[in-house]
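All values derive from a computational prediction rather than experimental measurement. Nothing fancy with the numbering, it's 1 onward along the sequence. Every number for a ligand or one of its atoms is a count from 1 in the order of the listing.
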Amino acid sequence: MKLLCIAGFLGSGKTTVLLELARTMTQTGLQLAIVENEIGDVGVDGGYVREAGLPVQELFGGCICCTLQTGLVETLRALEAQYAPDWVVVEPTGLAAPGDLMKTVRTYMPQIARSRVLTLVDAGRWEMLQQVVEPLITAQLEAADVIAVNKIDQVDEAVVARIEEVVRRANATAAIRRVSAVSGSGLGDLQGCLL
Ligand SMILES: Nc1nc2c(ncn2[C@@H]2O[C@H](COP(=O)(O)OP(=O)(O)OP(=O)(O)O)[C@@H](O)[C@H]2O)c(=O)[nH]1
Ligand SMILES: [Mg+2]
């Protein structure tokens, strides 16, 4: 089993990207299982994922990168035992910085052959989020193997270029890609650098 974690602030497009990637991955014959960490006690994103026909486990009432780390490890073990998927895709809450979470997973689940963090950047709300939650966004970027600047349909090329500069300063090594999850633009290339 391999693990893909899709991080990014609230509303950055995690579920939209997850559903698109899941669709193309399952078309190529890969078996997937999904973990949704929901902030409230209503499984909105889990509902969408289930509608798409994918096995999904929801983790409520806390954040998997802080209070629910053990819960996540148990959930991953259960999914592995029940479905033995090729990939498990985890969507943490938008408030998660996935660095510690990935350390825990790598420590307690050494059988996971490959683990990747994709962090999404919300291009449309970049300026506002930099002013309000810059430390969290930076922590999400630091933890990433791959960074996707999403919603490029909402902004000018110059804005995307400026975002990429700041993103590069936060993470010197991650692959950076431009995508629009709603139009599907760039998602094929993104998948290529993730899997
Ligand atoms: N214009 C535009 N809108 C997008 C894009 N990707 C996602 N959205 C929209 O942004 C909103 C939030 O998308 P979600 O996929 O639910 O984002 P999320 O990160 O899963 O949100 P939470 O789980 O609530 O943190 C939805 O209305 C999407 O349709 C994009 O590339 N362009
Ligand atoms: Mg979501």
- Query: Do you see an N/O/S atom of Glu91, backbone or side chain, under 2.8 Å from the Mg ion (ligand 2)?
  - Reply: yes
- Starting from atom 32 (N) of ligand 1, which protein heavy atom do you reach first, and at what distance in Å? Asp153 OD1, 2.7 Å
- Query: Which heavy atom of the protein is the closest neighbour of atom 16 (O) of ligand 1, given with residue, atom name and distance?
  - Reply: Thr15 CB, 4.2 Å
- Query: Tell me: protein heavy atom nearest atom 17 (O) of ligand 1, and distance?
  - Reply: Gly13 N, 3.0 Å
- Message: For Arg50, is there an ion pair with Glu36 - N to carboxylate O distance below 4.0 angstrom?
- Response: no
- Query: Side chain, backbone, both or neither: which part of Thr16 comes within less than 4.0 Å of ligand 1 when only heavy atoms are counted?
  - Reply: both
- Among all protein non-hydrogen atoms, which one is nearest to atom 10 (O) of ligand 1, and what is the separation to 0.1 Å? Lys151 NZ, 3.3 Å
- Item | ligand 1 versus Lys14: contacting region, heavy-atom distance under 4.0 Å | both
- Measure the distance from atom 29 (O) of ligand 1 to every protein heavy atom, then report the residue, atom name and distance (to 0.1 Å) of the closest one. Val182 CG1, 3.8 Å
- Shortest protein contact, atom 12 (C) of ligand 1 (heavy atom only): Gly11 O, 3.5 Å
- Test side-chain contact (heavy atoms from CB on, under 4.5 Å) on Leu76 and Glu80 and set out the steps. CA-CA 6 Å; Leu76 292 175; Glu80 190 174 35; over 6 Å; no
- Message: Would you say OH of Tyr108 has more than 12 non-hydrogen atoms from neighbouring residues, nucleotides or ligands within 6.0 angstrom?
- Response: no
- Query: Quick one: does Glu91 get a heavy atom under 4.0 Å from ligand 1?
  - Reply: yes
- Message: Does the protein place a non-hydrogen atom closer than 4.0 angstrom to atom 23 (O) of ligand 1?
- Response: yes
- Drop me the distance from Asn37's CG to Ile39's CD1, to the nearest 0.5 angstrom. 8.0 Å
- Under a 4.0 Å N-O cut-off, is there an ion pair linking Arg168 with Glu165? no
- Measure the distance from atom 6 (N) of ligand 1 to every protein heavy atom, then report the residue, atom name and distance (to 0.1 Å) of the closest one. Asn150 ND2, 3.1 Å
- Message: Taking 4.0 angstrom as the limit and counting only heavy atoms of Asp45, give me the atoms of ligand 1 inside it, by number and element.
- Response: 23 (O)
- Query: Only one of Ile137, Leu141, Asn150 clears side-chain contact (heavy atoms from CB on, under 4.5 Å) with Val121; which?
  - Reply: Leu141
- Please state which protein non-hydrogen atom is closest to atom 31 (O) of ligand 1 and give its distance, to 0.1 Å? Ala181 N, 2.8 Å
- Note on the structure: Output for pair (Leu79 CG, Arg77 CZ), nearest 0.5 Å, gives 12.5 Å
- Message: If you scan the protein for heavy atoms around atom 26 (C) of ligand 1, do you find one that is closer than 4.0 Å?
- Response: no
- Message: Measuring from atom CE of Met1 to atom CD1 of Ile112, what distance do you get when rounded to the nearest 0.5 angstrom?
- Response: 4.5 Å
- Item | Proximity of Ile152 to ligand 1 by residue part, where a heavy atom lies under 4.0 Å | neither
- Verify side-chain contact (heavy atoms from CB on, under 4.5 Å) between Val89 and Leu54, making sure each step is shown before the conclusion. CA-CA 11 Å; Val89 186; Leu54 297 161; over 6 Å; no
- Item | Distance (rounded to the nearest 0.5 Å) between Glu38 CD and Leu59 CG | 9.5 Å
- Query: Just checking, is any N or O donor in the side chain of Asp45 or Thr15 under 3.5 Å from an acceptor N or O on the other one?
  - Reply: yes
- Query: Do any of the N, O or S atoms of Thr15 sit under 2.8 Å from the Mg ion (ligand 2)?
  - Reply: yes
- Task: Name whichever N, O or S atom of Asp45 ends up nearest to the Mg ion (ligand 2).
- Result: OD2
